[in-house]
Amino acid sequence: MRTAFFGTSKHSRPILEALKNEFDLSLCVTKSDRIVGRSQKREPTKVKKWSRENKIKIFEVDNFKNKEEDLLEALTEQRVDLIIVADFGFIITDRIINAYQGKIVNIHFSLLPKYRGANPVQAAILNGDSITGITYLLMSKEMDAGDILHQIKHPLEGSETTESLYKDLFKIAAQNIPKVIKGYIGGEIEPKKQNPKDATYHFSPSHPKSTYVYKEDARIDWTEDPQNIDRKIRAFYPWPIAWTTLEELEKNSDNRLSEKIKLRENVNKDTTIKIYEAVLEKHGLSPTQVQVAGKSKIGWAEFKNGYCVNQ
RNA sequence: CGCGGGGUGGAGGAGUGGUACCUCGUCAGGCUCAUAAUCUGAAGGCCUCGGUUCGAAUCCGAGCCCCGCAA
């Protein structure tokens, strides 16, 4: 059997290796090189780099619609029997779904029908869920609504970041790929319908119709309790990173942070500060990694040394 | 030449032409049964090259490096 992988995530590697080892991976479809960095450098995705190293044919997309024809051609040319999709970043068009009816397996990082959409991992962290998971499902025209092949539960302990959880889930997803694909192809796995009534979506507060993550949502709302702020910090790591202003940080340190801070006289209180990491303690939140606008990332102790007066 | 911010002892920061300062750390000594506590003292610095000036961390030019923006 020949397979193709559709994906863009930097965590894709375990899945790529699983497919290569067991299912004759013959085509990788990924986002084309993005302009990134300060001098307009083009950086290939990790999927592309891996594919190049492993001599797997690569098909790049940026605007899906223009490439539909070419992609179908490439899939035919490679005699692809089964497509695996994980965190692709594009909506797969109806034509391709029709052409590969029942032959596109999507790996979604939630226990569907909960958290359909683009941000299942962030949603589970933001809502403080104690369990999330992975769903293998067949691609359908409606997003994340296809029949379910298999689900794996994954408990959350409350310290995960989007980064760490993605990494873990990709790994688990890869470990179970052989079992699920063989089961499906062999006919032992019966696809099960989702109950649409149970479907949930986590919409962006700033874009109520979208499940993408927007940087506008990353500003810390200090009226929330420390637990929710902590969830936000973890959900928005590694992007877009929860932030606030120095003024608000000082003002709310009293009842939201584990210690009260006082800024020095000469610091500009309008400056923004990103909170990369924090630990939730019983008296409040205790940041560990922060970054003041225009500066490098520093530890909390260094921040206090430079910007605050000793209490 | 995509846009913007920045480079000050070991760390993080003040300092817009006139003796380089603050918090932390380091070292020595004191106090202490003891200490990450406390006291006294010390070492150590303006990214590089050039320019302006009586005088440059500060102004000008070139270079190197770091950070943010693109979802």
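Predicted model only: the values in this text are computed from it and were never measured. When reading the values below, keep in mind they use all heavy atoms of this one structure, side chains included, and skip hydrogens, waters and symmetry mates. All chains are named by letter (A, B, ...) in the order of the sequence lines, taking the proteins before the strands, and each is independently numbered beginning at 1.
- On the C1' atoms, B:rC46 is 16 Å away from B:rC59, given to the nearest whole Å.
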>> What verdict does the side chain to side chain donor-acceptor pair (under 3.5 Å) test give for A:Thr30 and A:Thr45, after you've listed the backbone C-alpha separation in whole Å, the side-chain angles of each residue and the deciding distance to 0.1 Å?
In response: CA-CA 8 Å; A:Thr30 190; A:Thr45 66; 3.1 Å; yes

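- Closest contact between the side chain of A:Trp239 and the listed nucleotides B:rA71, B:rA11, B:rC69 involves B:rA71.
- Distance A:Glu265 CD to B:rG15 P: 13 Å, rounded to the nearest Å.
- Here, B:rU8 and B:rA56 have their C1' atoms 14 Å apart, quoted to the whole Å.
- In this entry B:rC64 has B:rG7 as its Watson-Crick or G-U wobble partner, both defining distances falling under 3.5 Å.
- Counting to the nearest Å, the C1' atom of B:rA11 and the CG atom of A:Asn305 are 8 Å from each other.
- The P atoms of B:rG68 and B:rG51 are separated by 36 Å, rounded to the nearest whole Å.
- Ranked by how close their nearest RNA chain B nucleotide is to the 5' end, A:Tyr307 and A:Gly294 are led by A:Gly294.
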>> Walk me through whether A:Ile177 and A:Ile15 qualify under side-chain contact (heavy atoms from CB on, under 4.5 Å).
In response: CA-CA 8 Å; A:Ile177 270 184; A:Ile15 291 183; 3.6 Å; yes

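- Counting heavy-atom neighbours within 6.0 Å of A:Ile91 CD1, excluding the residue itself, gives a total of 12 or less.
- Because its NZ or CZ atom is not both nearer than 6.0 Å to the ring centre of A:Phe203 and within 45° of the ring axis, A:Lys209 does not count as a cation-pi partner of that residue.
- A salt bridge links A:Glu250 and A:Lys269; the closest N-O separation between the charged side-chain nitrogens and carboxylate oxygens is under 4.0 Å.
- For B:rG44 and B:rG9, the C1' atoms lie 5 Å apart once the distance is rounded to whole Å.
- Pairing for B:rC59 goes to B:rG51, judged as Watson-Crick or G-U wobble with the two contacts each under 3.5 Å.
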> Checking side chain to side chain donor-acceptor pair (under 3.5 Å) for the pair A:Trp300/A:Glu259: CA distance, chi angles, key distance, verdict?
Replying inline: CA-CA 12 Å; A:Trp300 183 242; A:Glu259 60 184 320; 2.8 Å; yes

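- Between A:Lys297 atom NZ and B:rA11 atom C1' the separation is 17 Å, expressed in whole Å.
- Rounded to whole Å, the C1' atom of B:rA14 lies 13 Å from the corresponding atom of B:rU58.
- We find that NZ of A:Lys304 is positioned 12 Å from P of B:rG25, with the value rounded to whole Å.
- Among the protein residues, A:Lys274 comes within range of the sugar-phosphate backbone only, with heavy atoms under 4.0 Å from sugar or phosphate atoms but none that close to a base.
- Each of A:Tyr276 and A:Asn310 was matched to the nucleotide of RNA chain B holding its nearest heavy atom; the match closer to the 5' end belongs to A:Asn310.
- The separation between A:Glu216 atom CD and B:rC69 atom C1' is 13 Å, rounded to whole Å.
- Taking a pair to require two hydrogen-bonding distances under 3.5 Å in either a Watson-Crick or a G-U wobble arrangement, B:rA14 remains unpaired.
- Across the P atoms, B:rG10 and B:rU16 are found 23 Å apart, a figure rounded to whole Å.
- Closest to the side chain of A:Glu302, out of B:rG68, B:rA11, B:rA71, is B:rA11.
- Closest contact between the side chain of A:Lys295 and the listed nucleotides B:rC67, B:rC69, B:rG13 involves B:rG13.
- Closest to the A:Arg264 side chain, of the nucleotides B:rC24, B:rC22, B:rC67, is B:rC22.
- With respect to A:Thr135, the side-chain hydrogen bond (donor to acceptor under 3.5 Å, both in side chains) criterion is satisfied by exactly one of A:Gln151, A:Gln194, A:His108: A:Gln151.
- Across the protein-nucleic acid pair, A:Lys262 atom NZ and B:rA14 atom C1' stand 16 Å apart, rounded to whole Å.
- With rounding to whole Å, A:Asn268 atom CG is found 14 Å from B:rG13 atom C1'.
- When the P atom is used for both B:rA57 and B:rG17, the distance is 13 Å, rounded to whole Å.
- The separation between A:Leu263 atom CG and B:rG12 atom C1' is 14 Å, rounded to whole Å.
- Using Watson-Crick or G-U wobble geometry with both donor-acceptor distances under 3.5 Å, B:rG41 finds its partner in B:rC27.
- Going from the P atom of B:rG7 to that of B:rC60 covers 14 Å, rounded to whole Å.
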